[in-house]
Each structure stands twice: as C-alpha cells, then as structure tokens.
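See structure below.
A, B, ... follow the sequence lines: proteins, then strands. Residue 1 opens every chain. These numbers come from a predicted model, not from an experiment.
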There are 2 protein chains.
Amino acid sequence: MPRVLSKEEVEDFREKLTEAATRLFAERGQDGFTLRELASEVGVSPMTPYRYFKDKDEILAAVRARAFDRFAEKLENAFGKKGTPVDRANAAAQAYVEFALQETASYRLIFDIWQPNENDYPDLVRAGIRARATMIQHIPGLLEAGVLQGDPVLIGHVFWSALHGAVMLRLAGKLSPDCDFQKIIDETMRALSVGFAAGR
Amino acid sequence: MPRVLSKEEVEDFREKLTEAATRLFAERGQDGFTLRELASEVGVSPMTPYRYFKDKDEILAAVRARAFDRFAEKLENAFGKKGTPVDRANAAAQAYVEFALQETASYRLIFDIWQPNENDYPDLVRAGIRARATMIQHIPGLLEAGVLQGDPVLIGHVFWSALHGAVMLRLAGKLSPDCDFQKIIDETMRALSVGFAAGR
DNA sequence: CGTCATAATTATACGTTGTAAATTTATAGT
DNA sequence: ACTATAAATTTACAACGTATAATTATGACG
C-alpha cells in the first residue's frame, strides 16, 4: 500500500505553509499574495497546497487565526505584568497600538478583512473569540479598583472601538497632518476614563 | 478629419462609467468587481474605458472621490438643520452612522481602502480633504456654546475616530453578540462629551 | 460627392491568476 | 519484485487586466 501522510505530517506542512503565507502576505499585501509564489517559497508545486487546504480562502483563514493568536498573546503578556489595575490596563492599550503599528499586515488580517464565510473555519472563530476576550479582560479590574463604573462588556467595547478607530484612520493615512496620532490616543483614553469614572 | 470627443462628451462618459462602477462595486464587492463586466454594463467593449481612464485604479479613484462627496453632502445636510449646536452635532453623528450602515460599500471605499498612490488623483485628494473638514466642522460650535473645551481639531479627531472604530468593528462583525451597537455609539458619545466638557 | 487621414472603438492576444483534471512518482503490503 | 494507490506534479482552462493590432466612422478637402 502507498505511503500515507500521518496526522502529524499534515499538521507540520500546514504549519510551514501558514508561516510562509504570513510572511508573504506581509511583503506582498492582500492583492500581491499568490498561491503560486507561496508554493514555490516552500519548495512545492502550485497544486500541492491543495492536498492540505481546500483553497486559498482556507489558507487565508489559517493565516488570520495565527495572527489573532499572536495578537492575543502580546496583549496577555502586557496585561500580565505587575502593577495597579490602571497600570496593567495602560500597558495593554499600549501593546494594542504597538501591535497595530508594527505588525500592520497582521492587524489588518485580524480586524479589517471580511471573509464571506468566516464561521466555516473553527480555528479562526476560536482565535477571534479569544482575542476579543483578551481585549475586554482588563476592564473588571478597573471596576473592582473603583476607578470605573458600569457594564464591563460595554465599557470594554467602547475603549476597544475607540482605539481601533484611531489606529485604522492612522493606518489609512486619513488623519490630518496637523494632528498627532499619539495625542489622539492619549486624549481618547483620558476622556473615556473621565466619562466612565466611578462616583459621579 | 475624424470625429473628436469634446471635453463635455469625455466628462459625460466618465460620469456614466463612474456611476455604473459605483453600483457594480456595491453589488460585487472589491474582488468581484471587474472591468469587463463594467464595460458590458455600459454597453461598450472591454477596452473602451481605457480611452477615458488610465487603468482600473483610476476608475476606482473616481468611484472613491464620488463616494467621499456624497458622504460629505449627507453630513453637511444633517449639520445644516436648525437647532442648538448640540442638536446639530448629534444630527451629524447620526448621519455618519447611518451612511456607514446603509451605504457600507461606499463607506469602505472612503475609509477602508488603501490605494498605493492616492495622491496621484487630485479629485480624490480634494474630496478627502472636504470630507475630513466636514467631520470636524461641528466642533467649534460646541466650544463657542461653552459645551466643550480644548483644541477643536484634536477633539474632532477623537470623536471621529471613536465613531469610525465602532462602525468598522460592527461592519466587520467583530462586536460581541451580547453588546448592542447603538449602545456602544451612545455611550461613546456620552463619555467623550463628559471627558471634554467645559468647566472642570 | 468621393476620398482619405485619423480619432474612436473593437478584436485579438498575452501573461498571470486560482484551481480542475490528467498524469506521473513513490511506497507499503503481498 | 510486483502492484494498488496516496501524494505530487504537470497540464489545461476560464477569467482577469491590459498591450497591441485591426476595424470603423467621421469631417475636411479636391
């Protein structure tokens, strides 16, 4: 009987391909990223990836899931540092912005790509839920510390979307040249903190 | 001598093509939008548009400029209504969200597409500057009315990016299912207003 | 008017893409 | 060693953007 790929071999190849795809996608951008170049990059013929992935979309989903996870890790690390709840929340916010600016391609993969059938990719769904939880997790500490008050899920989403909006406009080059990006971030965080402050 | 297209005829055709492209882009999405279908839609051969536009990118730029302008118009209309500065600012914010949700394709064209050489298209640059000014214009009224205090350009960008972030996450389907979108918008506006309130 | 130079348009063709189908290669069980 | 068949590659195709070649149509002039 012929050689049969073990579960492990399949997983290894998927891993290798996803890694190369992540790099290629960052280099070439959404449009310039082709299966043919990806295949040659890992040293196989253009059709070989089809043994391991259904199509290009599924490869993209794997790349996205991986990006989600790296993002969540970075935020969890920042949040895991010692300090007051406020310090830790600030560290998480800073890590968020850093990731977006330094790993722009991955950030876009995470939040700015609309795959028609996202729910068909379980890994992607899982990674997405994890990343969202990560972004909300630092709020309860602020409530318990008596810094903020309100619904933590709602507050988390407000902070998150404000951060996301500033980052996206920055990445799209839409901000006015005479308006400093970091100042927008700082003032957004300050104003929202005042708006949700406890005891008013 | 042969027939020569008048300035007006050229402009008419460009207009017609841009209009059809806007519709097609909304129907088919970024990837599904093809020059060949666009050409057949307006009843010419696939190469005819090249007489009027350099390439696909230039057509896309025209579509974007048009979307910018419609967006700015909608906001200016809302802001032009009678009422207190606060009323007018709220009307503008509401119009913003409405446009994003109802004309999603255009909204994405405006704020979520990264053309490598945007500055090569003067119409696009002009429309972009106009739209940005439109989004900032309602802030000075709030300062003069003694509602807010601070740098109007900075405040404008903070409100704008917060709104943009919530809208983008909503459009990308990234918000938690148990967090109402309108509530996020309302709380964002409320909290930011408190954070920038005059007299504190 | 008929002819002709030439702008406008269309037809053809090429290189590239994702991927379906056909073909080849390599290996485990007899 | 032989063979059934999984894996991999080769070939092939339709669709894309668009360069180039061919065609069509028109307005000035003899």
Side-chain angles (χ1 to χ4, degrees), chain A residues 1-18 20-22 24-25 27-64 109 113-117 120-121, chain B residues 1-18 20-64 109 113-117 120-121:
Chain A
M1 292 296 137
R3 166 179 161 72
V4 172
L5 258 46
S6 72
K7 210 79 183 158
E8 208 185 28
E9 285 170 311
V10 169
E11 205 40 59
D12 282 358
F13 186 89
R14 285 175 61 102
E15 189 69 22
K16 192 165 70 165
L17 205 79
T18 305
T22 299
L24 249 179
F25 193 97
E27 283 171 19
R28 303 267 184 258
Q30 165 116 267
D31 295 348
F33 165 69
T34 74
L35 278 195
R36 284 168 139 99
E37 186 177 5
L38 172 59
S40 102
E41 196 85 358
V42 304
V44 298
S45 86
M47 285 305 287
T48 301
Y50 285 92
R51 181 71 250 292
Y52 301 86
F53 292 93
K54 183 178 169 298
D55 55 15
K56 197 182 184 186
D57 255 22
E58 197 173 289
I59 296 176
L60 189 61
V63 172
R64 295 184 67 198
L109 275 170
I113 282 190
W114 188 202
Q115 283 193 285
N117 36 6
D120 296 359
Y121 310 112
Chain B
M1 293 296 136
R3 165 180 162 70
V4 170
L5 259 43
S6 71
K7 210 79 182 157
E8 206 184 29
E9 285 170 310
V10 169
E11 205 40 59
D12 283 357
F13 187 90
R14 285 177 61 103
E15 189 69 22
K16 193 166 70 165
L17 204 79
T18 305
T22 299
R23 188 163 29 78
L24 248 181
F25 194 97
E27 283 171 19
R28 302 267 184 258
Q30 164 116 264
D31 295 348
F33 165 69
T34 73
L35 278 195
R36 283 165 137 101
E37 187 177 4
L38 172 60
S40 102
E41 196 84 0
V42 303
V44 298
S45 87
M47 286 304 288
T48 301
Y50 285 90
R51 180 69 250 292
Y52 301 86
F53 292 93
K54 182 178 171 298
D55 55 15
K56 196 183 184 187
D57 256 22
E58 197 173 290
I59 297 176
L60 190 61
V63 172
R64 295 184 67 198
L109 276 170
I113 282 190
W114 188 201
Q115 283 193 284
N117 36 6
D120 296 359
Y121 309 112

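- Across all strands, Y52(A) comes closer than 4.0 Å only to sugar-phosphate atoms, never to a base (heavy-atom distances).
- Atom OH of Y50(A) and atom C1' of dA12(D) are 14 Å apart (whole Å).
- Mapping P46(B) and L5(B) onto DNA chain C by nearest heavy atom places L5(B) at the nucleotide closer to the 5' end.
- Looking at the side chain of S45(A), the nearest of the listed nucleotides dT12(C), dT10(D), dG17(D) is dT10(D).
- In this structure, CG of L35(B) is placed 9 Å from C1' of dC16(D), rounded to the nearest angstrom.
- Of all nucleotides listed (dA6(D), dG17(D), dT17(C)), dT17(C) comes nearest to the side chain of R36(A).
- Among residue pairs with one or both ends in residues 20-29 of chain B, those qualifying as side-chain hydrogen bond (donor to acceptor under 3.5 Å, both in side chains) are R23(B)-E41(B), R28(B)-E37(B); sequence neighbours excluded.
- Put simply, CD on Q30(A) is 15 Å from P on dT17(C), counting in whole angstrom units.
- Comparing dT27(C), dT10(D), dG17(D) by their closest approach to the side chain of M47(A) singles out dT10(D).
- Here the shortest heavy-atom pairing between F25(A) and Q30(A) reads CZ-CA, 3.6 Å.
- Taking 4.0 angstrom as the limit, T48(B) places none of its side-chain polar atoms (N or O) nearer than this to OP1 or OP2 of dT9(C).
- With dT9(D), dC16(D), dA6(D) as the candidates, the nucleotide lying closest to the side chain of T34(B) is dC16(D).
- Rounded to whole angstrom, the span from the CD atom of E9(B) across to the P atom of dT9(C) amounts to 9 Å.
- Although no hydrogens or angles enter the test, the distance criterion places a donor-acceptor pair under 3.5 Å between the side chain of R64(A) and the main chain of L109(A).
- Side-chain N or O atoms of D55(B) include one that pairs as donor or acceptor with a backbone N or O of E58(B) at under 3.5 Å.
- The phosphate of dA7(D) has OP1 or OP2 within less than 4.0 Å of a side-chain N or O from R51(A).
- Among the nucleotides dA6(D), dT9(D), dT19(C), the one closest to any side-chain atom of D55(A) is dT19(C).
- Within the nucleic acid shown, F53(B) has no heavy atom closer than 4.0 Å to any nucleic acid atom.
- Nearest heavy atoms, F53(B) versus A62(B): CE2-CB, 4.0 Å.
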